There are 2 protein chains.
Amino acid sequence: MTLYLVVTIMVTTVVIQVKQISTRFSIAVHTLSLIAVSPKDCTGDFIARSVNTNPVVIRRIMGMLKKAGLVDVRPGVGGATLLKDSDRITLLDVYRAVNATEENQLFRIHDNPNFDCPVGRNIEQVLQAELRDAQSVMEQRLAQTTLDQLIEKFK
Amino acid sequence: MTLYLVVTIMVTTVVIQVKQISTRFSIAVHTLSLIAVSPKDCTGDFIARSVNTNPVVIRRIMGMLKKAGLVDVRPGVGGATLLKDSDRITLLDVYRAVNATEENQLFRIHDNPNFDCPVGRNIEQVLQAELRDAQSVMEQRLAQTTLDQLIEKFK
DNA sequence: TTTTTTGTAATCACTACTGTTATAACAATT
DNA sequence: AATTGTTATAACAGTAGTGATTACAAAAAA
């Protein structure tokens with residue numbers, strides 16, 4: 001008689017990651033830096049090569065920066081120029097430009113809680129005040145850094 | 001002879017929204033508040049009714065809070081208790097518990113930029129320092145609010 | 001043993017992100 | 001006027017996170 005002993009060990013690791021802020025933001029900063037340094041070269045293809053992505057991705061972001069009044073892009077001839085001095089463009093300006101939402105809320109709060117419960121009845125208002133503050137200090141930190149300051153560090 | 005004049009007007013509005021921080025965070029705060037107020041009632045179903053979601057959603061979040069050492073959940077009998085006093089649990093603790101990543105980075109930076117370009121070569125390091133600061137001030141603001149302070153406002 | 005609850009896998013529908021191809025519109029050059 | 005290089009934008013695919021849901025195993029008390 002033979003005894004078969006089968007031992008199965010399963011190790012399951014589940015890593016749940018929160019969605020992060022899109023790379024559009026860092027790509028936009030990269031793009032604006034290039035425009036500030038050498039506006040003439042800045043076609044979508046040139047920027048795409050520096051960023052290492054597809055030109056369409058750059059053009060999409062350029063469209064947002066244009067809509068936000070940060071750059072002027074010239075169709076046909078190519079190239080782009082800053083519409084504000086680089087010491088007057090902050091990371092917050094760029095952040096807002098590429099996130100492009102009316103209510104730019106970093107945190108989401110679950111909705112329709114049960115109003116029969118004191119916690120459910122109050123949580124939205126109470127939490128929102130706190131989270132708005134937290135978002136605000138983050139944004140104020142972004143507002144303290146200008147494109148100009150970044151460019152200094154690229155030399 | 002007939003002249004057909006066809007005019008097509010298309011108005012396209014594209015709203016791009018950045019991904020926000022998941023409602024797991026606010027649901028977790030809601031859950032902990034309930035546990036602090038009435039630990040005995042706090043079965044997954046009870047909490048789910050207050051939050052207005054499916055009990056499985058709550059059990060998943062409870063699992064994260066348990067893993068973070070914030071609560072003790074008892075299978076079978078039901079109910080949960082806080083493992084720390086409510087004045088020693090901050091919003092940052094909850095935020096970290098439900099985001100559950102090693103490198104809990106709020107911002108993403110595009111990778112593999114072109115190192116032949118001075119901007120591409122330096123952007124990651126330069127931007128990362130700024131964004132780490134911005135994330136940090138936000139988290140420090142979360143750290144200033146305790147569960148206890150919130151509960152006070154629910155009464 | 002029965003009942004209640006937790007733990008967790010699996011699936012679904014939805015949405016956002018990023019890359020890609022394709023094509024139209026634009027502007028300068030020839 | 002035609003050509004060339006560029007921007008603008010639509011469309012689609014693939015990947016990934018979210019949140020709801022069903023299903024079932026495991027745990028603990030009655």
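Since the model is a prediction, treat every value here as computed from it, not as a measurement. Note on naming: letters A, B, ... go to the chains in the order of the sequence lines (proteins, then strands), and numbering restarts at 1 for each one.
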Describe the nucleic acid contact of A:Gly63 in one word from base, sugar-phosphate, nothing, applying a heavy-atom distance below 4.0 Å. nothing
Inter- and intrachain pairs under ring-ring contact (aromatic ring centres under 6.0 Å, His included), touching residues 108-149 of chain B, at least two apart: A:His30-B:His110
Test side-chain contact (heavy atoms from CB on, under 4.5 Å) applied to A:Ala80 - qualifying residues, sequence neighbours left out: A:Ile35, A:Met62, A:Val73
Send over the distance from B:Asp41 CG to C:dT5 C1', rounded to a whole Å. 15 Å
Which pairs pass side chain to side chain donor-acceptor pair (under 3.5 Å) with one or both residues in residues 111-124 of chain B, sequence neighbours excluded? none
Whole angstroms only, please: what is the CD1-P distance between A:Ile61 and C:dC17? 11 Å
Tell me which pairs pass ring-ring contact (aromatic ring centres under 6.0 Å, His included) where either residue lies in residues 39-73 of chain A, with sequence neighbours left out. none
Report the relative orientation of the aromatic rings in B:Phe25 and B:Tyr95; use parallel for angles under 30°, tilted for 30 to 60°, perpendicular for over 60°. perpendicular
Could you work out, with side-chain contact (heavy atoms from CB on, under 4.5 Å) as the rule, every residue matching A:Thr81, not counting sequence neighbours? A:Pro39, A:Asp72
Euclidean distance, atom CD1 of residue B:Ile58 to atom C1' of D:dT21 [Å, nearest integer]: 14 Å
Grab the CZ-P distance between A:Arg49 and D:dG5 for me, whole Å please. 13 Å
Please report the distance, rounded to the nearest Å, between NZ in B:Lys40 and P in C:dT5. 15 Å
With the criterion being N/O to N/O and under 3.5 Å, what pairs connect the protein with nucleotides 18-28 of chain C, and how long is each?
unit_1 : atom_1 : unit_2   : atom_2 : d
C:dT18 : OP1    : A:Thr23  : N      : 2.9
C:dT18 : OP1    : A:Thr23  : OG1    : 2.5
C:dT18 : OP1    : B:Arg108 : NH1    : 3.2
C:dT18 : OP2    : A:Ser22  : OG     : 2.7
C:dG19 : OP1    : A:Thr53  : OG1    : 3.4
C:dG19 : OP2    : A:Thr53  : OG1    : 2.6
C:dG19 : N7     : A:Arg60  : NH2    : 2.9

Sorted by chain and number, sequence neighbours left out, side-chain contact (heavy atoms from CB on, under 4.5 Å) with B:Thr146 holds for B:Thr90, B:Asp148, B:Gln149
Residues of residues 111-128 of chain A with a heavy atom under 4.0 Å from any atom of DNA chain C, listed by number, are none
When you look at B:Glu139 and B:Gln135, which way does the side-chain hydrogen bond (donor to acceptor under 3.5 Å, both in side chains) test go after all the steps? CA-CA 6 Å; B:Glu139 293 183 349; B:Gln135 178 176 347; 2.9 Å; yes
Nearest-Å distance for atom pair CZ/C1', residues A:Phe25 and C:dC17: 17 Å
Linking Ile, Leu, Val, Met, Phe, Trp and Tyr through side-chain heavy atoms less than 4.5 Å apart, which residues share a cluster with B:Val137? A:Val137
Taking atom P of C:dC17 as reference, at what distance in whole Å does atom CD1 of B:Ile109 sit? 17 Å
For A:Glu130, all residues meeting side chain to side chain donor-acceptor pair (under 3.5 Å), sequence neighbours excluded: B:Arg141, B:Thr145
Set out, line by line, the N/O atom pairs under 3.5 Å between protein and nucleotides 2-4 of chain D.
none

Take atom CE of B:Met62 and atom P of C:dT5, then tell me their distance rounded to the nearest Å. 12 Å
Just jot down the salt bridge (charged side-chain N to carboxylate O under 4.0 Å, His left out) partners of B:Arg59, sequence neighbours excluded, or say none. none
